[in-house]
Amino acid sequence: RWGLAAALAAFVPWLSLAGEQMTGRQIMEKQKQLHESKDEEFKQDMQLIDRNNNTSKREVANFYLKTPEKLTKTMIIFLAPSDVRGTGLLTWEQKTREDDQWLYLPASGKERRIAASGKKNKFMGTDFAYEDLRPENLETHTYNLLGSEAVGGKDCYIVEALPSTDQEKAESGYAKRKFWIRKDIFLSIKKEFYNKQDQLEKVSVDEELENVSGSMWRSKKVTMEDLKAKHKTVLATTERKIDKGVPDSKFTLRELTKK
């Protein structure tokens with residue numbers, strides 16, 4: 001029995017931690033390892049819901065690529081309605097400096113780099129800040145395991161994320177974030193975002209989970225709510241392709257500004 005357990009632990013390192021407490025950092029690393037794809041392409045229906053329950057609808061296409069350097073590139077393009085069609089956001093993750101982000105508005109005819117100080121601002125009237133649309137950078141945060149709690153009947157780790165570098169502390173709009181990560185599949189299903197006054201500002205909930213490939217899970221519905229503004233953004237995934245070969249050429253300024 002011990003021989004089998006040791007063998008399993010060698011192939012799946014986190015199993016060896018079952019009898020002891022995993023750290024917050026180890027939980028975040030495991031989540032990244034299990035759910036990271038080579039590339040993805042997916043479409044979403046977006047609803048913006050204000051405090052009076054007025055709703056506006058949009059459609060977006062999303063593209064994702066993991067580069068040979070293990071960095072990510074993402075592209076978000078608005079497909080509808082006509083007043084936002086063609087608007088896009090391109091993000092390049094960087095290893096030793098701030099990520100690059102460019103916003104393209106068709107009316108202006110050119111892309112605009114998002115300054116580091118502007119990444120705490122909201123993206124296109126949604127409840128997502130530009131920084132929410134970047135990949136999680138494990139090197140610029142400290143992760144603390146706060147405990148456990150059930151969400152939707154599923155036992156979750158509660159992990160607190162704190163900015164750990166001077167640059168991240170200065171540029172982020174958040175003093176801290178909290179993740180509720182399911183223990184069985186190591187996937188975040190709830191997040192809380194706290195402003196610089198340490199007040200709870202936003203809550204994100206992932207629902208309708210599906211096992212899309214191997215160890216990878218995705219949610220088909222994401223709701224981000226701004227508690228102070230009483231405004232919600234709801235994203236519903238309508239189609240998804242994983243590891244089908246999205247080319248690196250998709251993630252260029254030329255592609256972002258293409259008519």
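As the structure is a prediction and not an experimental result, all values here were calculated from the model.
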For R218, which of E207, E208, E239, E40 qualifies under salt bridge (Lys or Arg N to Asp or Glu O under 4.0 Å)? E40
Less than 6.0 angstrom from the centroid, inside 45 degrees of the normal: does K30 satisfy that with respect to the ring of F186? no
Locate the shortest heavy-atom distance separating A175 from N195; write the atom from each residue and the value. CB-O, 3.2 Å
Can you tell if the side chain of K178 reaches within under 4.5 Å of the side chain of F193, non-hydrogen atoms only? no
What heavy-atom pair brings T87 and P106 nearest, and what distance separates the two atoms? OG1-CD, 3.4 Å
One should read off an interatomic distance between L235 CG and L48 CG, to the nearest 0.5 angstrom, of 9.0 Å
Can you list, by chain and residue number, the hydrophobic cluster partners of Y64 when the side-chain cut-off is 4.5 Å? none
Please name the pair of heavy atoms, one in A170 and one in K196, separated by the smallest distance, quoted to 0.1 Å. O-NZ, 4.2 Å
Ion pair present between E41 and K250, side-chain N to carboxylate O less than 4.0 angstrom? no
Evaluate the ring planes of F63 and F251, with Trp represented by its six-membered ring, and classify them as parallel (under 30°), tilted (30 to 60°) or perpendicular (over 60°). perpendicular
Checking K190 against F179: charged group under 6.0 Å from the ring centre and within 45 degrees of the axis? no
Pair R177 + E136: basic N to acidic O under 4.0 Å: yes
Could you check T233 against E225 for side chain to side chain contact (heavy atoms under 4.5 Å, CB included), going step by step and ending with a plain yes or no? CA-CA 6 Å; T233 301; E225 181 175 9; over 6 Å; no
Identify whether the distance between the nearest side-chain nitrogen and carboxylate oxygen of K32 and E29 falls below 4.0 Å. no
Say whether, by atom type as modelled, one donor and one acceptor occur between the side chain of T23 and the main chain of Q26 under 3.5 angstrom. yes
Quick one, T74 with L90, criterion side chain to side chain contact (heavy atoms under 4.5 Å, CB included). Give me CA distance, side-chain angles, the key distance, then yes/no. CA-CA 6 Å; T74 62; L90 175 63; over 6 Å; no
Check against salt bridge (Lys or Arg N to Asp or Glu O under 4.0 Å), E36 and K66: CA-CA 9 Å; E36 195 169 72; K66 177 65 67 173; 2.9 Å; yes
Following the transitive rule for hydrophobic clusters with a side-chain heavy-atom cut-off under 4.5 Å over Ile, Leu, Val, Met, Phe, Trp and Tyr, establish whether V246 and L71 coincide in one cluster. no
Rounded to the nearest 0.5 Å, how far apart are NZ of K183 and OG of S148? 3.0 Å
Are K191 and S188 packed together at the side-chain level, in the sense that at least one heavy-atom pair is separated by less than 4.5 angstrom? yes
Any ion pair linking D127 and K122 (charged N to carboxylate O, less than 4.0 Å)? yes
Checking T126 against M46 for the side chain to side chain contact (heavy atoms under 4.5 Å, CB included) test, could you report, in this order, the C-alpha distance in whole Å, the side-chain angles of both residues, the deciding distance, and whether it holds? CA-CA 9 Å; T126 72; M46 175 188 290; 3.8 Å; yes
Is a side-chain donor or acceptor of D166 paired with a backbone partner of K169 at a separation under 3.5 angstrom? no
For the pair D226 (side chain) and K230 (backbone), establish whether a donor and an acceptor sit closer than 3.5 Å, ignoring hydrogens and angles. no
Are any side-chain N or O atoms of D243 and backbone N or O atoms of K38, one a donor and one an acceptor, separated by less than 3.5 Å? yes
Atom pair CD1/CH2 of I185 and W217 - distance to nearest 0.5 Å: 5.0 Å
Derivation of the side-chain hydrogen bond (donor to acceptor under 3.5 Å, both in side chains) call for K202 and Y174: CA-CA 10 Å; K202 300 191 298 188; Y174 308 123; 2.9 Å; yes
With rounding to the nearest 0.5 Å, note down the distance linking CG in L79 to CD in Q44. 10.5 Å
Do the side chains of K120 and E131 get nearer than 4.5 Å, heavy atoms only? yes
Check: T140 main-chain N/O paired with S164 side-chain donor or acceptor under 3.5 Å: yes
Check S215 against N211 and note the closest heavy-atom contact, atom names and distance. C-ND2, 4.3 Å
Taking N137 for the side chain and E139 for the main chain, is one N or O donor matched with an acceptor at less than 3.5 Å? yes
Does some side-chain heavy atom of M224 sit less than 4.5 Å from a side-chain heavy atom of S204? yes
Take D99 and Q94 through the test side-chain hydrogen bond (donor to acceptor under 3.5 Å, both in side chains) and record every step on the way to the result. CA-CA 5 Å; D99 295 344; Q94 301 294 341; over 6 Å; no
Are the side chains of K220 and E210 in contact, using a 4.5 Å heavy-atom criterion? yes
Rounded distance (nearest 0.5 Å) linking atom NE2 of H231 with atom CD1 of I49: 8.5 Å
Could you check whether R134 pairs with E98 (Lys NZ or Arg NE/NH1/NH2 to Asp/Glu carboxylate O, under 4.0 Å)? yes
Cationic N near anionic O, under 4.0 Å, R182 to D155: no
Closest approach of L145 to M22 (non-hydrogen atoms, all atoms of both residues): CD2-O, 3.2 Å
Under the ring pair (Phe, Tyr, Trp, His ring centres under 6.0 Å) definition, can you give me all pairs with a residue in residues 81-122, not counting sequence neighbours? W92-W102
Would a 4.5 Å heavy-atom cut-off, applied to side chains only, mark D39 and I242 as touching? no
Could you go step by step and tell me if T237 and K221 meet the side-chain hydrogen bond (donor to acceptor under 3.5 Å, both in side chains) rule? CA-CA 6 Å; T237 301; K221 180 182 178 182; over 6 Å; no
pair I181-V159: side-chain heavy atoms closer than 4.5 Å: yes
Should E69 and T67 be marked as a side-chain hydrogen bond (donor to acceptor under 3.5 Å, both in side chains) after you check the CA-CA gap, both sets of side-chain angles, and the distance that decides it? CA-CA 5 Å; E69 295 76 31; T67 70; 3.2 Å; yes
Charged N to carboxylate O under 4.0 angstrom, E93 versus K70? no
L187 and L209: side chain to side chain contact (heavy atoms under 4.5 Å, CB included), yes or no, with the steps? CA-CA 10 Å; L187 185 72; L209 306 185; 4.0 Å; yes
Using a 3.5 Å distance criterion without hydrogens, assess whether the side chain of S219 forms a donor-acceptor pair with backbone atoms of D206. no
Atom CD1 in I77, atom CD in E59: separation rounded to 0.5 Å? 14.0 Å
Kindly say whether A161 contributes a backbone atom to a donor-acceptor pair with the side chain of H141 at under 3.5 angstrom? no
Determine whether D100 and R113 make a side-chain contact, defined as any pair of heavy atoms from C-beta on separated by less than 4.5 Å. yes
